[in-house]
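Position 1 is the first residue of the sequence, and the numbers go up from there. Ligands are counted one by one from 1 in listed order, and the atoms in each one are counted from 1 as well.
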Amino acid sequence: MALLSKPNEKTESGFSPIPVIDISDPESKHALVKACADFGFFKVINHGVSSELVSVLEHEAVEFFSLPASDKTQVAGYPFGYGNREIGRNGDVGWVEYLLMNANLDFGSHSFFPGLFNNPETFRNALLEYTTSVRKMTSHVLEMITDGLGIEPRNTLSKLVSDKNTDSIFRLNHYPPCPHHINTNTNTNGGNNVIGFGEHTDPQIISVLRSNNTSGLQINLADGSWISVPSDPSSFFFNVGDSLQVLTNGKFKSVKHRVLANSRKSRVSMIYFAGPSLTQRIAPLSCLTDNEDESLYKEFTWSEYKNYAYHSRLSDNRLQPFERNAVLEYTTSVRKMTCDVLEMITDGLGIKPRNTLSKLVSDQNSDSKFRLNHYPPCPLIHENIDGACNNVIIGFGEHTDPQILSVLRSNNTSGFQINLTNGSWISVPSDPSSFFFNVCDSLQVLTNGRFKSVKHRVLTNSMKSRFSMIYFAGPPLTQRISPLTCLMNNEDESLYEEFTWSEYKSSAYNSRLSDNRLQPFERKLFPLND
Ligand SMILES: C=C1C[C@]23C[C@@]1(O)CC[C@H]2[C@@]12CC[C@H](O)[C@@](C)(C(=O)O1)[C@H]2[C@@H]3C(=O)O
Ligand SMILES: O=C(O)CCC(=O)C(=O)O
Ligand SMILES: [Fe+2]
């Protein structure tokens, strides 16, 4: 029988920034919330899980991993069962062997227990008691977190993992000492940087890890650096999973972690992955978002997410396809409103069909743009530059927009001005709940000058930041732009030469901001006589 190296009894010392939380103290709820937000990881002490229970299970695990490979492979399987080196089904490998088990409330009926253990019942009972006790501790921690977040009822999160259909997993990992020394990275485990378990986040709600006295686990901090987690067999380490990141709308971070193999000692870890039921819908808790628009994620069921996760590689960013694309959603919605406005305008002009203008910007090849502007407070405003009375600092110089219609929304800081036909500038009072529409050069041409492409500019504010977002609705590049025939009695009335949007765009992009970009396209209706 291959013997595992004896676990080192000494706990590693030295300073570690990893939060240590005493969960017997109700006031720790704030520290828990902070740990979840800052690290997505924390160590729990005074947890109430019997050390006896842990030792029995660890002993059983060591016995199991000490069996000959031919015995262990008898229970190889996927998703549950024994595995060696291969992690998941998508090509990941690590210096690890493991036993993966279903830890649902109804588990305990695994066919792989008989025959492998001297006393299979001891293993089964140890597992049942351990997972029951750890589930209880997990619910307690989740209730403290819920309390710390000010969410009611207290069981909002805990009920997800204590539901009778909870889809939880239990995993025993054994990292044998790794003889392959690669003495290049002193920051890793004993100068050995062979990967035991590659970097990943856990898909579930929260994972609870306990290991023997061999370190190797590392977590990834917000600045991208890796730090080692000093081993502590008497404590539990919790890590936030992807689903909890979504439930908290990104307030808590699903922590990236990995395990490096040790050159001399075996590491044995047991992890309880607390998951919700397969049908559970996962979306940011409504009490953590003011309205649905603030949600950073699309809603999914745990079954959908799990299915997706299990088809991914360990290091993939599994949440990415479930992230909401704020720009796409915003521009889609604003485009729709723009089309409605253009249809009302077309109607108002008595033009048929109604979509004569809107179809130009809703075409799938429409060449539209989206711009985010930030105007930092500009303290110079109140200074007297060069002794001159200068109280206007330009944020964005005067210009017209080349497209058809542009749609602006800003925060509560004014600064936007438009130029009236008499040449004077007026300020547009800010209104974050409304949109401002600008007629652009191409619409001036389409209406044969009936509509005016408005000259506008932005002045900075001395005290407040201005944020604005502008959707520039343009036509497809090949679209021919010329006055709509229904707005003229005959073509001779056209004030402009016909151009394609592509031609106008390249001419516009070669001009200065304040240039009159339409001038080269104006028709010389009354040639001057010498
Ligand atoms: C490569 C993979 C292994 C994994 C399934 C996956 O396709 C991506 C997620 C992995 C992970 C990480 C946390 C747990 O150890 C695990 C059991 C889980 O639920 O997701 C493993 C999966 C596994 O080992 O099968
Ligand atoms: O074995 C360990 O210490 C951590 C393993 C892990 O992160 C996992 O199984 O998901
Ligand atoms: Fe993990």
What part of [X] sits under 4.0 Å from ligand 1 if we count only heavy atoms: the side chain, the backbone, both or neither?
X: H200; value: side chain
X: K306; value: neither
X: L314; value: both

- If the Fe ion (ligand 3) is the vertex, what is the angle to NE2 of H200 and NE2 of H257, rounded to 10 degrees? 90°
- Message: I need the W302 CH2 to Q204 CD distance, nearest 0.5 Å.
- Response: 4.0 Å
- For the Fe ion (ligand 3), which N, O or S atom of D202 is at the shortest distance? OD1
- Message: Below 4.0 Å from ligand 2: does a non-hydrogen atom of R258 turn up there or not?
- Response: no
- Item | Non-hydrogen atom of P203 closer than 4.0 Å to ligand 1 | yes
- Message: Less than 4.0 Å is my threshold; does some heavy atom of Q204 fall inside it relative to ligand 1?
- Response: yes
- Message: Can you name the atoms of ligand 2, numbered from 1 with element, that are less than 4.0 Å from a heavy atom of S269?
- Response: 1 (O), 2 (C), 3 (O)
Could you tell me whether the side chains of [X] and [Y] share a donor-acceptor contact shorter than 3.5 Å?
X: H174; Y: S266; result: yes
X: S406; Y: D401; result: yes
X: N213; Y: S231; result: yes

- Query: Does the gap between the ring centers of F64 and F123 come in under 6.0 Å?
  - Reply: no
- Message: Is any side-chain heavy atom of M270 closer than 4.5 Å to one of V54?
- Response: yes
- Query: Of Y175, F273, F197, which has the heavy atom at the shortest distance from atom 1 (O) of ligand 2?
  - Reply: Y175
